[in-house]
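Bear in mind that the values here come from a model prediction, so they are computed numbers and not experimental data.
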Amino acid sequence: MFTLIIQFANWIINVYINNPICKLESLYYIGSSDLIIGQMTFPDGDDELIFEKEIGNSIGFGLDAKTKFAIRYAKNVNEEERQGKQPLLNKIYMIKSDDNIFKQAYTYGTQHLIKYDNKQDKYCYNQNGNVIYGVNDCEVEELLHYFHGICFESTDVEIERYLPYNISIENFPELKDKNKYQSGIVFRGGTDEGTHHTLTIFKTRKQEDNVIDIKNNKINYDLYLNYEAIKWENFTNEDGMPDHRKVVVTSKEARYPRINDGNITSLELKNMTTVLDTEFEDNTFIQFVIKELETFGNRMDIQKGVLEEELDVLLPKVFIDKTFAEIYDLVSSDKEEYFRIIKEQFENATHIRRVEEKGKSKILKANEDVEN
């Protein structure tokens, strides 16, 4: 049994379909069967699993892409002082053009109706055969106060357009130096009691300026890594006025050999992360960076067909070409399992697993990522 409601507003038709299993709300142009946007919602107590599809148009507004599909997990909050729908996990897949695809996974959103656990917001562009991977935000209680990063396989793009919210190109002028650098990576984060970390990796565009002759065997050391962790120390000047100064906690400057001409590669990243993992095995920030560099490397390899992408049953990419009738058949046939999976993915995105190794040293073991 279902309820069908059709509403007309100027040149748009709003169609509502309700039954005990789900509800579907869709917008269409009058006189057309072409979907503008549709949203199918499956309830489970206070929780909701939402499948949302939006189609681009050519009338001057709306989605600036061919197709967008989102899977959202939300909770309805009904308390005296807090009422509304709280997003928990959002996974987006958008086809902007044949050679430009955008993916994003983030927790929560603008609503703040519940106590947040750890936050995560990561995104990826596959553009013209190259990958741009970014971390807008990542917080992990007792481990990571803030964490932002950007990885450009190629800097031959409009850099400012793809930067995370909290990374300014003015602080990293190398990203703008496209004549010198082919690829660029920047990560920033805060740990412990006021320790601030910055790590950058840049690959030069030209080889001849970076050749080192070791026993007549010329090696191109064209990858530059810089890492610095600092604290700000407060003190009082001789005149009694308060002041502060930067104290370097640890730092590293290194050059690594080029394996391939052109953009940075996953193998070049692997060579660097292997060294970092050994040298900074107890450094929380570096361990987070290593995992994100591994993700970036994997996405480059997937883009090039070197690595096969692992698809789970709740990836927007899996659903983007399906009709709502097909989605209804899939989810309604095993609704409990779909809710179990999305809940598990949300918990993975907002929690960290740690184990104690080597005495009292806490080592990061896995920061569960949510594929989008």
Side-chain angles (χ1 to χ4, degrees), residues 92-105 121-136 138 147-165 167-169 171-188 198-207 210 220-227 254-276 288-310 317 369 371-372:
I92 297 169
Y93 185 85
M94 182 160 56
I95 302 174
K96 299 177 74 68
S97 64
D98 292 340
D99 57 359
N100 190 348
I101 294 174
F102 171 75
K103 298 181 283 186
Q104 184 180 22
D121 182 356
K122 301 179 181 181
Y123 59 95
C124 182
Y125 288 86
N126 292 346
Q127 188 176 76
N128 300 320
N130 296 314
V131 173
I132 302 168
Y133 176 67
V135 179
N136 266 324
C138 183
F147 187 73
H148 321 295
I150 187 69
C151 304
F152 290 100
E153 181 181 359
S154 170
T155 56
D156 292 331
V157 295
E158 187 181 343
I159 296 293
E160 292 91 338
R161 179 180 177 185
Y162 301 98
L163 292 178
Y165 303 135
I167 289 182
S168 172
I169 196 167
N171 295 326
F172 302 97
E174 299 94 336
L175 288 172
K176 295 189 294 184
D177 192 350
K178 299 180 182 181
N179 290 326
K180 183 175 181 180
Y181 296 111
Q182 180 89 13
S183 306
I185 294 170
V186 172
F187 281 97
R188 298 176 61 248
T198 301
L199 181 141
T200 63
I201 297 172
F202 291 96
K203 183 175 182 178
T204 59
R205 196 173 291 273
K206 298 179 181 179
Q207 296 186 39
N210 303 285
N220 297 298
Y221 281 79
D222 300 324
L223 289 153
Y224 289 76
L225 182 147
N226 286 278
Y227 166 58
R255 294 173 65 179
Y256 296 88
R258 168 194 298 263
I259 294 176
N260 295 78
D261 292 339
N263 299 334
I264 199 166
T265 66
S266 61
L267 184 54
E268 289 169 334
L269 289 175
K270 179 65 175 175
N271 287 343
M272 287 183 281
T273 57
T274 299
V275 176
L276 289 174
F288 268 88
V289 169
I290 287 172
K291 184 182 184 300
E292 299 307 331
L293 292 178
E294 289 173 349
T295 300
F296 176 48
N298 287 340
R299 299 206 176 184
M300 287 193 295
D301 286 344
I302 290 170
Q303 170 72 15
K304 293 165 179 54
V306 176
L307 185 67
E308 184 175 352
E309 184 176 11
E310 294 183 9
K317 181 179 180 179
D369 195 9
E371 288 295 334
N372 33 45

task = Would you name the heavy atoms of Ile264 and Ser183 that are closest together and state the gap between them?
result = N-OG, 2.9 Å
request  = Taking the side chain as every heavy atom from C-beta outward, state whether Lys96 and Ile101 have any pair of such atoms under 4.5 Å apart.
outcome  = no
inquiry  = Looking at Thr200 and Gly184, would you say the former's side chain and the latter's main chain have a donor-acceptor pair under 3.5 Å?
reply    = no
CD1-CD1 distance between Ile201 and Ile185, expressed to the nearest 0.5 angstrom = 4.5 Å
Validation row: Thr198, Asn226 side chains within 4.5 angstrom (heavy atoms) = no
Where Tyr123 and Val135 come nearest, the two heavy atoms and their spacing = CE2-N, 4.0 Å
remark   = Rounded to the nearest 0.5 Å, the CD1 atom of Ile302 sits from the NZ atom of Lys304 at a distance of 11.0 Å
ask   = Quick check: does any side chain N or O of Asn136 sit under 3.5 Å from a backbone N or O of Tyr165, one acting as donor and the other as acceptor?
value = yes
message = Do the side chains of Arg299 and Glu294 get close enough for a salt bridge, i.e. N-O under 4.0 angstrom?
response = no
ask   = Once you round to the nearest 0.5 Å, how far does OG1 of Thr265 lie from CG of Asn260?
value = 5.0 Å
query = Is it true that atom CG of Asn171 has more than 12 heavy atoms of other residues, nucleotides or ligands lying nearer than 6.0 Å?
reply = yes
request  = Give a yes or no on whether Lys270 atom NZ has more than 12 heavy-atom contacts from other residues, nucleotides or ligands under 6.0 Å away.
outcome  = no
inquiry  = To check you understand the geometry: which heavy-atom pair defines the closest contact between Ser154 and Asn263, and what is its length?
reply    = CB-OD1, 3.6 Å
message = Between Lys176 and Ile169, is the side-chain contact (heavy atoms from CB on, under 4.5 Å) condition met? List the steps.
response = CA-CA 8 Å; Lys176 295 189 294 184; Ile169 196 167; 3.0 Å; yes
ask   = For Lys178 and Thr155, which heavy atoms make the closest approach, and how far apart are they?
value = CE-O, 3.0 Å
ask   = Is there a side-chain contact (heavy atoms from CB on, under 4.5 Å) between Val275 and Leu225 once you walk through the steps?
value = CA-CA 11 Å; Val275 176; Leu225 182 147; over 6 Å; no
task = Could you check if a side-chain atom of Ile167 sits within less than 4.5 angstrom of a side-chain atom of Phe187, using non-hydrogen atoms only?
result = no
ask   = Taking atom types as modelled and ignoring hydrogens, do the side chains of Tyr133 and Glu292 form a donor-acceptor contact shorter than 3.5 angstrom?
value = yes
ask   = So, does Lys203 use its side chain to make a donor-acceptor pair with the main chain of Gly262 at under 3.5 Å?
value = yes
task = Evaluate the ring-ring contact (aromatic ring centres under 6.0 Å, His included) criterion for residues Tyr224 and Phe202: first the C-alpha distance (whole Å), next the side-chain angles of each, then the deciding distance (0.1 Å), finally the verdict.
result = CA-CA 5 Å; Tyr224 289 76; Phe202 291 96; 9.0 Å; no
Student check: side-chain heavy atoms of Thr273 and Val289 closer than 4.5 Å = no
inquiry  = Looking at Lys317 and Glu309, is there a salt bridge between them, counting it only when a charged N and a carboxylate O are closer than 4.0 Å?
reply    = yes
task = Give a yes-or-no answer on whether the side chains of Asn128 and Asn100 include a donor-acceptor pair shorter than 3.5 Å.
result = no
request  = Count the heavy atoms of every other residue, nucleotide or ligand shown that sit under 6.0 Å from CD of Glu160, and state whether that count exceeds 12.
outcome  = yes
key: Check: Tyr162 side chain, Cys151 main-chain N or O, donor-acceptor pair, under 3.5 Å   = no
note = Heavy-atom closest pair (Glu153 atom, Asn130 atom, distance to 0.1 Å) is OE1-CA, 3.3 Å
query = With a 4.5 Å limit on heavy-atom distance, are the side chains of Gln127 and Asp99 in contact?
reply = no
inquiry  = A side-chain contact here means heavy atoms from C-beta on lying under 4.5 Å apart; do Gln182 and Thr204 qualify?
reply    = no
remark   = Heavy-atom closest pair (Pro164 atom, Ile150 atom, distance to 0.1 Å) is CD-CB, 3.8 Å
CG on Leu293 to CG on Leu269, rounded to 0.5 Å = 5.5 Å
task = Please check if any side-chain donor atom of Asp121 sits under 3.5 Å from a side-chain acceptor atom of Gln104, or the reverse.
result = yes
remark   = In this structure, NZ of Lys180 is separated from CG of Asp222 (nearest 0.5 Å) by 10.5 Å
ask   = Under the 3.5 angstrom rule, does the side chain of Arg205 hit a backbone N or O of Tyr181 as a donor-acceptor pair?
value = yes
query = If we only count heavy atoms from C-beta on, is the Lys103 to Asn126 side-chain gap below 4.5 Å?
reply = yes
ask   = Do the non-hydrogen side-chain atoms of Phe102 and Ile132 ever get within less than 4.5 Å of each other?
value = no
